[in-house]
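Heads up: the structure comes next, in structure tokens.
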2 protein chains.
Amino acid sequence: MAAKGRVTIREVAERAGVSVATVSRVLSGNYPVPSATRNRVMRAARALDYVANAHARALVGGGRKMVAVVLRQVTSPFYAQVAEGVEAEAAERGWLCVVGATAGDPQREMDFVQLMREEGARLVILVGGVVEDDAYRERVAHYAHALDASGARLVLCGRPAPDPDLPALVVEFDNEAGARAITGHLLSAGHRRIAFLGGLPGNTALDARVAGYRAALAEHGLPPEAAHVVDCGLGRAAGHRAMTELLKNTEDTGAVEVTGITGGTGGFTAVFAGDDMVAAGALRAIADAGLRVPDDISVVGYNDIPLAEDFSPPLTTVRTPAEELGRAAVRIALRDPEHAAGAHHLLGTHIVVRDSVSPPRRGAPPSDGGSAPV
Amino acid sequence: MAAKGRVTIREVAERAGVSVATVSRVLSGNYPVPSATRNRVMRAARALDYVANAHARALVGGGRKMVAVVLRQVTSPFYAQVAEGVEAEAAERGWLCVVGATAGDPQREMDFVQLMREEGARLVILVGGVVEDDAYRERVAHYAHALDASGARLVLCGRPAPDPDLPALVVEFDNEAGARAITGHLLSAGHRRIAFLGGLPGNTALDARVAGYRAALAEHGLPPEAAHVVDCGLGRAAGHRAMTELLKNTEDTGAVEVTGITGGTGGFTAVFAGDDMVAAGALRAIADAGLRVPDDISVVGYNDIPLAEDFSPPLTTVRTPAEELGRAAVRIALRDPEHAAGAHHLLGTHIVVRDSVSPPRRGAPPSDGGSAPV
DNA sequence: TTGAAAGCGCTAACAT
DNA sequence: ATGTTAGCGCTTTCAA
């Protein structure tokens with residue numbers, strides 16, 4: 001047994017009665033060694049429970065296969081799925097995956113990226129939408145160039161590149177198309193007063209969804225004023241608060257009538273939540289107000305998190321294959337390292353219809369209709 | 001700019017006109033250096049965008065601060081929270097956190113632990129309950145001894161130690177107490193026919209919950225036969241399937257009457273789901289069958305995942321502070337490294353009462369009662 | 001077929 | 001106050 005600390009290659013060599021070079025060759029397996037010596041070495045290594053020192057190996061071998069994922073938090077279902085995709089794809093290729101959670105703090109992000117540079121990560125994946133201010137743009141430009149200079153690669157996953165010329169790969173969903181589609185779904189069901197809950201001005205993902213929402217409204221011939229965006233940001237709590245407010249306001253000020261439709265909810269017959277967590281909060285707020293979904297008001301979300309079908313009612317939402325996003329990020333980055341820089345990949349999304357949308361009621365007070373799925 | 005690859009300490013030294021030792025001293029900050037030279041070095045490092053090579057540093061410095069979390073999957077809300085706790089606590093102390101997902105495959109677990117030994121992780125945290133077979137016991141014993149031999153530490157998080165003499169720290173919840181408490185909650189509400197959904201024989205966490213469930217039943221004077229454990233394992237799908245089955249069986253075979261209570265669900269007036277995901281599946285199955293919770297049947301879960309309050313109805317469950325479990329694992333392991341080995345820490349849990357439990361109806365067919373929260 | 005030896009980039013004595 | 005140097009554990013020429 002090793003006295004203290006780790007067993008080194010030298011001890012294995014001694015025990016096997018060979019030189020360290022031979023041990024190295026056997027263990028690396030990239031050089032022919034007669035099976036006689038080979039076996040002796042293997043036996044010695046096994047007996048000593050030898051494990052190579054990855055640091056020494058990386059030092060001489062020039063880095064090791066490591067990918068870093070940077071996200072706000074792992075407990076967000078969406079981020080967790082992306083992380084899982086990255087981890088899975090990395091593991092399948094024998095790469096190590098380290099994750100860093102920033103809690104949205106730029107400083108922690110910078111520290112972590114710096115750390116990853118020290119550790120020699122060859123792939124750094126920044127996950128999720130962000131608000132793009134100047135400080136952010138500068139930061140990302142720095143990451144991209146620094147990583148690139150040392151032969152590593154930056155992947156923007158779920159967000160666009162601040163500058164198309166950056167040496168960074170971007171893989172994201174077409175948020176605008178997804179939002180347009182689901183807004184269209186609501187419009188087709190007959191809704192005209194649709195509120196968007198969860199705007200976050202400057203945030204790449206939300207801005208795109210809002211744009212899609214407005215575009216759909218316009219396509220259906222509605223005036224720009226028909227759009228009602230509540231900039232409450234994301235999260236269950238924000239959704240709950242904003243929805244409660246919305247319900248209260250429309251009651252206080254009287255129903256806003258644009259198309260002649262009103263209901264127990266004031267002017268709105270439907271709400272488009274910026275993501276499923278916002279929808280969860282909104283759903284709860286609606287229930288708290290004694291209203292029912294979809295009878296009194298329809299609700300749709302975004303992302304189709306695993307539990308969206310367990311909401312009450314099961315949520316109609318936009319499916320964004322998050323795990324696939326994570327897998328695609330590493331797959332594309334690793335597939336064609338040279339060509340990948342600057343490439344922009346858009347992943348498609350689609351609507352998942354469940355039970356949270358029905359046609360709006362027409363001017364009638366809340367009646368006891370059964371559930372009315374689409 | 002660096003030509004190719006990373007900038008080394010030597011280049012910084014040259015640019016600053018000093019020796020590498022001086023640069024090292026400045027950057028490490030553990031040795032007094034006159035601010036004149038100090039500044040020159042800093043400026044050079046900054047200009048070159050120098051980042052130290054963590055491998056070289058670890059090689060000479062004897063490893064670096066790294067903790068590894070090993071879990072089945074990151075997308076499970078419970079595991080994600082534990083991981084978040086570990087990550088947060090590690091980050092606060094300047095430690096790096098790497099996660100490995102095994103998908104329940106022992107081979108992947110072994111590979112990952114091996115990798116962590118190579119990488120010089122000083123803390124390896126195995127998260128979550130497991131089925132304890134001989135192969136498992138052997139594996140863990142090996143991890144514990146191997147890690148210990150090289151000065152690292154193994155933490156069993158959310159599972160007991162297969163052998164109390166192993167050099168491993170264990171931090172877990174008192175599953176039996178939690179299960180006993182929530183079963184007691186059901187019993188106090190008047191339920192006598194309570195099914196346990198999600199048994200997984202051999203699994204440490206589930207076995208303990210089943211034990212707590214049986215203990216509570218016994219405490220309330222019920223015979224052992226009153227216990228009905230469905231070994232369907234965990235997961236939303238398993239819960240859905242098992243609940244559907246349960247509903248069907250009790251209808252087919254006629255209600256099992258033990259205390260004279262029957263309902264639209266056959267013999268059971270309540271179900272205790274092994275965890276919240278199982279509860280989610282069960283809830284859906286119940287709704288699919290046209291029954292209502294808690295009017296027709298009460299349901300409780302385990303873990304209080306973030307979305308449990310968004311289930312329909314909001315789920316009464318056992319709160320296991322998962323993030324705290326993760327934090328405790330690293331805190332305890334790092335606090336008193338020597339003493340920690342072999343220690344066993346039990347974290348408390350408590351019931352969160354929401355709307356999925358009400359007293360059982362007495363022999364009446366499903367009636368149109370309003371929601372009847374506890 | 002196998003060994004000896006030169007580093008990889010850095011830190012920590014040991015010199016000066 | 002700062003430079004020189006000896007490794008840390010490993011891989012990889014280059015010899016033998």
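Below, chains carry the letters A, B, ... as their sequence lines are ordered, and counting in each starts from 1.
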Closer than 4.0 Å, any side-chain N/O of [X] to the OP1 or OP2 of [N]?
X: Ser28(B); N: dT11(C); answer: yes
X: Thr8(B); N: dC8(C); answer: no
X: Asn30(A); N: dT12(D); answer: yes
X: Arg57(B); N: dC10(C); answer: no

Atom-to-atom span, [atom1] of [X] to [atom2] of [N] - whole angstrom:
X: Leu48(A); N: dG9(D); atom1: CG; atom2: P; answer: 14 Å
X: Leu27(A); N: dC10(D); atom1: CG; atom2: P; answer: 9 Å
X: Asn53(B); N: dT11(C); atom1: CG; atom2: C1'; answer: 13 Å
X: Tyr31(B); N: dC14(C); atom1: OH; atom2: C1'; answer: 10 Å
X: Arg40(A); N: dT1(C); atom1: CZ; atom2: P; answer: 14 Å
X: Ile9(B); N: dC8(D); atom1: CD1; atom2: P; answer: 19 Å
X: Glu11(B); N: dC10(C); atom1: CD; atom2: C1'; answer: 14 Å
X: Arg10(A); N: dA4(C); atom1: CZ; atom2: P; answer: 12 Å

If you look at every strand shown and take non-hydrogen atoms under 4.0 Å, does Ala52(B) touch a base, only sugar-phosphate, or nothing?
sugar-phosphate
Which part of the nucleic acid, if any, lies within reach of Thr22(A) when heavy atoms closer than 4.0 Å are counted: base, sugar-phosphate only, or nothing?
sugar-phosphate
When you measure from the side chain of Thr8(B) to the backbone of Arg10(B), do you find a donor-acceptor pair of N or O atoms at a distance under 3.5 Å?
yes
Is the shortest side-chain heavy-atom distance between Glu172(A) and Leu156(A) below 4.5 Å?
no
Which nucleotide sits closest to the side chain of [X]: [options]?
X: Pro34(B); options: dT11(C), dT2(D), dT11(D); answer: dT2(D)
X: Ala21(B); options: dG3(D), dG3(C), dG9(C); answer: dG3(D)
X: Leu59(B); options: dG9(C), dG3(D), dC10(C); answer: dG9(C)
X: Tyr50(B); options: dT2(D), dT12(D), dC10(C); answer: dC10(C)
X: Arg25(B); options: dC14(C), dG9(D), dG3(C); answer: dC14(C)
X: Val60(A); options: dT2(C), dC8(C), dT11(C); answer: dC8(C)

Contacts of Val33(B) and Ala54(A) projected onto DNA chain D by closest heavy atom; the upstream (5') one is Val33(B)
Nearest heavy-atom pair of Phe112(B) and Val69(B): which atoms, and what distance?
CE2-O, 3.9 Å
So which heavy atom on Val98(B) is nearest to which on Met66(B), and how close?
CG1-SD, 3.6 Å
Thinking salt bridges, do Glu118(A) and Arg6(B) make one under a 4.0 Å N-O criterion?
no
Output yes when Glu11(B) and Arg15(B) qualify as a salt bridge under the 4.0 Å nitrogen-oxygen rule, no when they do not.
no
